[in-house]
Amino acid sequence: MELDLTPQLAKKLYGGDGGAYYAWCPNELPMLREGNIGAGKLALEKNGFALPRYSDSAKVAYVLQGSGVAGIVLPEKEEKVLPIKKGDAIALPFGVVTWWYNKEDTELVILFLGDTSKAHKSGSFTDFFLTGPNGIFTGFSTEFVGRAWDLEESTVKTLVGSQSGNGIVKLDSTFKMPEPKIEHYNGMALNCEEAPLDVDIKNGGKVVVLNTKNLPLVGEVGLGADLVRLDGSAMCSPGFSCDSALQVTYIVRGSGRVQVVGVDGKRVLETRLKAGNLFIVPRFFVVSKIADPEGMDWFSIITTPK
């Protein structure tokens, strides 16, 4: 059976006044399951707060739009509170607890791409929330929660019963959130739009590669990434990745055309790409893209981070 390589848009899984979480489904994009890759997107409105959670997958986060604050707790380390903005890439290893907050008028949008080989469901991320109606403590009895936190049963009932918001809530504008620290940013994130260029071709395009040299934490994630900005009507010549099991690409901006050639020189995909599309190219298949006159940018994960 031939795999469907058609680019897909994410679909909304949950949300409310504070924002929404979107994901790509393996049933609609079979290459996710085939390659053990997960993909999701978080969009937060002003004062939107994505509740603290940990995931069953290591990921790379990329800020597509806006600016905000990220809280990151690595295992057995103190919490890092980072200022984040468009172009930032953040490595999120296994076991990390994260929260995300937008205090600006512009919507904050963050892309997540990661490896689901150790996940509960191949091709999908599963998040475990620390708070909220589906938080981990709502599943324990009041006796267990009370003994764990040394609380009276009545207090536990109030605490657990008052949890609201399914993963994302909208905070009051007067709510005091932790202030981000620029020193926490260093070593945790890298802005791909401001980083030194790895490739710069006049009238062609620019490439920044995220690896263990410019962001050592990606070594713990097991994923590298790159941001490619193709100039108007420029072409990304046919090529394949011998290191990567898959080439996982998200179109950040602009539009263009793509062709993919597989086994026996057969063209397996010829279609148009637009912002928001995710598509995945199998190992050793050859891919080429041509940007429309306004240009085209894409962010890709690479399964070998060196």
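These figures come from a predicted structure and were not determined experimentally.
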Undergrad: Does a donor on one side chain and an acceptor on the other come within less than 3.5 Å for Gln259 and Ser288?
TA: no

Undergrad: Just list the side-chain donor-acceptor pairs under 3.5 Å for residues 87-100, sequence neighbours left out, or say none.
TA:
residue : atom : partner : partner atom : Å
Asp88   : OD1  : Tyr185  : OH           : 2.5
Asp88   : OD1  : Asn191  : ND2          : 3.0
Asp88   : OD2  : Lys85   : N            : 2.9
Thr98   : OG1  : Trp100  : NE1          : 3.4
Trp99   : NE1  : Glu79   : OE2          : 2.7

Undergrad: Would you check if Glu153 and Glu143 make a side-chain contact, meaning some heavy-atom pair closer than 4.5 Å?
TA: no

Undergrad: I'd like to know if Asp297 and Arg253 make a salt bridge, using a cut-off of under 4.0 Å between side-chain N and carboxylate O.
TA: yes

Undergrad: Do Asp127 and Tyr21 pair up side chain to side chain, a donor and an acceptor below 3.5 Å, judged on atom types alone?
TA: no

Undergrad: Do Thr271 and Pro7 have side chains that get closer than 4.5 Å, going by heavy atoms?
TA: yes

Undergrad: Are Lys59 and Phe112 in a cation-pi setup, meaning NZ or CZ lies under 6.0 angstrom from the ring centre and within 45 degrees of the ring axis?
TA: yes

Undergrad: Within the 4.5 Å heavy-atom criterion, are Leu269 and Val258 side-chain neighbours or not?
TA: yes

Undergrad: Which pair of heavy atoms, one from Cys192 and one from Arg229, lies closest together, and at what distance?
TA: O-NH2, 4.0 Å

Undergrad: Could you tell me whether the side chain of Asp264 and the main chain of Lys266 form a donor-acceptor pair under 3.5 Å?
TA: no

Undergrad: Could Lys11 and Trp24 be counted as a cation-pi pair, given that NZ or CZ must be under 6.0 Å from the ring centre and within 45° of the axis?
TA: no

Undergrad: In this structure, is the centre-to-centre distance between the rings of Tyr62 and Phe299 below 6.0 Å?
TA: yes

Undergrad: Does a salt bridge link Lys46 with Asp105, judged by any charged N lying under 4.0 Å from a carboxylate O?
TA: yes

Undergrad: Does CD belonging to Glu183 count more than 12 external heavy atoms closer than 6.0 Å?
TA: yes

Undergrad: Among Lys274, Arg257, Arg272, whose side chain to side chain donor-acceptor pair (under 3.5 Å) with Asp292 holds?
TA: Arg272

Undergrad: Could you walk me through whether Glu193 and Lys86 pass the salt bridge (Lys or Arg N to Asp or Glu O under 4.0 Å) test, one step at a time?
TA: CA-CA 8 Å; Glu193 296 185 358; Lys86 181 177 179 291; 2.5 Å; yes

Undergrad: Verify whether the ring centers belonging to Phe128 and His120 lie closer than 6.0 Å.
TA: yes

Undergrad: At what distance, to the nearest 0.5 angstrom, does CD of Gln65 lie from CG of Leu111?
TA: 13.0 Å

Undergrad: The test is salt bridge (Lys or Arg N to Asp or Glu O under 4.0 Å); show your working for Lys202 and Asp231 and say whether it passes.
TA: CA-CA 9 Å; Lys202 186 177 180 180; Asp231 292 341; over 6 Å; no

Undergrad: Between Glu104 and Ser67, is the side chain to side chain donor-acceptor pair (under 3.5 Å) condition met? List the steps.
TA: CA-CA 7 Å; Glu104 306 297 337; Ser67 61; 4.6 Å; no

Undergrad: Parallel, tilted or perpendicular, judged at 30° and 60°: which one describes the rings of Phe140 and Phe137?
TA: tilted

Undergrad: With the side chain counted from C-beta on, respond yes when Leu51 and Ile168 share a heavy-atom pair under 4.5 Å apart, and no when they do not.
TA: no

Undergrad: Identify the two heavy atoms, one from Thr6 and one from Leu29, that lie closest to each other, and give their separation to 0.1 Å.
TA: O-CD1, 3.5 Å

Undergrad: Is it true that atom CG of Asp200 has more than 12 heavy atoms of other residues, nucleotides or ligands lying nearer than 6.0 Å?
TA: yes

Undergrad: Any idea which heavy atoms bring Ala39 and Leu32 closest together, and the distance?
TA: CB-CD2, 4.4 Å

Undergrad: Quick check: is Tyr22 connected to Phe279 through a chain of hydrophobic side chains (ILVMFWY, heavy atoms under 4.5 Å apart)?
TA: no

Undergrad: Do Asp115 side-chain atoms and Gly222 backbone N/O form a donor-acceptor pair below 3.5 Å?
TA: no

Undergrad: Can Val281 be reached from Met235 by stepping across I, L, V, M, F, W or Y side chains whose heavy atoms are under 4.5 Å apart?
TA: no

Undergrad: Return the minimal non-hydrogen interatomic distance between Leu246 and Met31, and the atom names on each side.
TA: CD2-CE, 3.2 Å

Undergrad: When you compare the side chain of Val252 with that of Leu64, does any pair of heavy atoms fall below 4.5 Å?
TA: yes

Undergrad: Check whether the side chains of Glu294 and Ser255 place a donor and an acceptor atom closer than 3.5 Å, and report yes or no.
TA: yes

Undergrad: Quick check against the 3.5 Å criterion: does Asn102 have a side-chain atom that pairs as donor or acceptor with the backbone of Glu45?
TA: yes

Undergrad: With a 4.5 Å limit on heavy-atom distance, are the side chains of Asn203 and Ser233 in contact?
TA: no

Undergrad: Taking all atoms of both residues into account, what is the closest heavy-atom pair of Lys12 and Ala20, and its distance?
TA: CE-CB, 3.8 Å

Undergrad: Under 3.5 Å, is there a donor-acceptor pair between the side chain of Thr106 and the main chain of Gly66?
TA: no

Undergrad: Minimum heavy-atom separation for Ile251 and Gly254, please, with both atom names.
TA: CG2-O, 4.0 Å

Undergrad: With heavy-atom distances below 4.5 Å as the criterion, would you say the side chains of Leu215 and Met188 are in contact?
TA: no

Undergrad: Just by distance, do the side chain of Thr116 and the backbone of Asn36 share a donor-acceptor pair under 3.5 Å?
TA: yes

Undergrad: Would a 4.5 Å heavy-atom cut-off, applied to side chains only, mark Lys289 and Leu273 as touching?
TA: yes

